[in-house]
Amino acid sequence: MEDKLLFYTYPSCTSCRKTKAWLKENGVDFEERHLFKDTPSIEELKEIITLSTEGIEEILARRSSSFKGLDIEIEDLTLSEMLELMHNEPKLLRRPIVTNGKKLIVGYNKSGLQNLKQRKKRLAVVS
């Protein structure tokens with residue numbers, strides 16, 4: 001996952017389309033995964049959360065209609081229950097999610113993408 005970015009996307013999402021266009025325009029290799037058809041496994045979600053600065057809050061789409069329709073108290077769930085819920089209901093995930101296994105970008109974040117690209121270039125020079 002370190003040579004290539006893993007890009008979790010949903011084609012009708014505006015932020016996903018912007019991110020994909022930026023990656024292509026800048027010649028960044030990436031593996032694209034449809035967030036709803038090829039949902040991250042619970043293990044992958046754990047890895048994503050370990051890369052986040054805000055934990056689950058960074059990837060949880062609290063403003064989504066799916067979240068608002070939940071009839072549960074998120075704060076009462078254990079981490080395992082929360083991971084299972086996000087795996088079973090991928091509409092609860094913010095998108096896009098982009099990771100190289102060391103860094104995480106959630107949503108369209110041009111400066112974050114640029115930093116990942118620059119880091120990759122520096123690594124290539126060192127190799």
Side-chain angles (χ1 to χ4, degrees):
M1 194 169 10
E2 299 201 22
D3 290 331
K4 194 179 273 191
L5 293 180
L6 186 52
F7 173 51
Y8 292 98
T9 183
Y10 179 61
S12 68
C13 162
T14 303
S15 295
C16 296
R17 289 194 308 263
K18 286 171 143 180
T19 299
K20 184 174 183 177
W22 190 96
L23 292 170
K24 285 185 170 189
E25 286 168 14
N26 287 275
V28 177
D29 290 333
F30 61 93
E31 177 187 334
E32 185 173 358
R33 287 186 46 193
H34 191 291
L35 199 52
F36 303 154
K37 293 179 182 175
D38 192 6
T39 304
S41 68
I42 290 175
E43 235 5 85
E44 288 169 322
L45 288 170
K46 280 183 195 175
E47 289 176 32
I48 288 168
I49 289 169
T50 62
L51 298 174
S52 75
T53 55
E54 301 170 31
I56 286 178
E57 286 300 317
E58 190 165 352
I59 64 169
L60 183 62
R62 285 189 176 263
R63 294 186 298 175
S64 72
S65 58
S66 296
F67 180 83
K68 291 175 182 173
L70 291 176
D71 191 27
I72 56 175
E73 285 294 324
I74 293 290
E75 290 75 20
D76 293 341
L77 297 179
T78 65
L79 177 59
S80 295
E81 291 169 332
M82 193 65 215
L83 290 169
E84 189 171 330
L85 179 63
M86 289 188 297
H87 172 71
N88 292 334
E89 298 288 337
K91 288 183 179 181
L92 295 175
L93 294 169
R94 289 184 58 210
R95 48 194 180 265
I97 296 173
V98 180
T99 182
N100 66 355
K102 293 191 181 256
K103 299 283 182 185
L104 177 70
I105 300 169
V106 180
Y108 176 65
N109 179 335
K110 191 174 179 179
S111 64
L113 292 167
Q114 187 65 39
N115 287 340
L116 280 179
K117 182 181 175 196
Q118 294 299 348
R119 184 175 178 351
K120 186 175 180 184
K121 276 185 181 178
R122 285 192 302 272
L123 290 175
V125 170
V126 172
S127 299

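Under the 3.5 Å distance criterion, the side-chain polar atoms of R62 are left unmatched by any main-chain donor or acceptor of F67. The closest donor-acceptor contact from the side chain of N26 to the backbone of W22 lies under 3.5 Å. E58 places a side-chain N or O within 3.5 Å of a backbone atom of T53 that can act as its donor or acceptor partner. Side chain of R94 to main chain of L60: no donor-acceptor pair is present (N/O by atom type, distance under 3.5 Å, no hydrogens or angles). Using a distance-only test at 3.5 Å, with no hydrogens or angles considered, no donor-acceptor pair links the side chain of R95 to the main chain of Y10. Under the 3.5 Å distance criterion, the side-chain polar atoms of N109 are left unmatched by any main-chain donor or acceptor of I105. Counting only distance, with no hydrogens or angles, the side chain of H87 and the backbone of P40 share a donor-acceptor pair below 3.5 Å. Not a single donor-acceptor pair under 3.5 Å links the side chain of E89 to the backbone N or O of M86.
For the pair L6 and V98, the minimum side-chain heavy-atom distance is 4.5 Å or more. Between L5 and T99 the shortest side-chain heavy-atom distance does not fall below 4.5 Å. Using a 4.5 Å cut-off on side-chain heavy atoms (C-beta onward), V106 and L104 make contact. Using a 4.5 Å heavy-atom cutoff, the side chains of F30 and K20 are in contact. Between P96 and S15, the closest side-chain pair of non-hydrogen atoms falls below 4.5 Å.
Taking 4.0 Å as the cut-off between side-chain N and carboxylate O, E44 and R33 count as a salt-bridged pair.
Taking both residues in full, the closest heavy atoms of T19 and G107 are given as OG1-O, 4.2 Å, listed atom of the first, atom of the second, then distance. The two atoms that bring E81 and L77 nearest to each other are OE1-CA, 3.3 Å, heavy atoms only. Contact detail for L35 and T39: the closest heavy-atom pair is O-OG1, 3.1 Å.
With rounding to the nearest 0.5 angstrom, the OG1 atom of T9 is 7.5 Å from the NE2 atom of H34. To the nearest 0.5 Å, atom OG1 of residue T78 and atom CG of residue L83 are 8.0 Å apart. Here CD1 of I59 is found 5.5 Å from CG of L45. Values are rounded to the nearest 0.5 Å. The CZ atom of F7 sits 5.5 Å away from the SG atom of C16 when rounded to the nearest 0.5 Å.
Counting heavy atoms of neighbouring residues, nucleotides and ligands inside a 6.0 Å radius, atom CD of E57 exceeds 12 of them.
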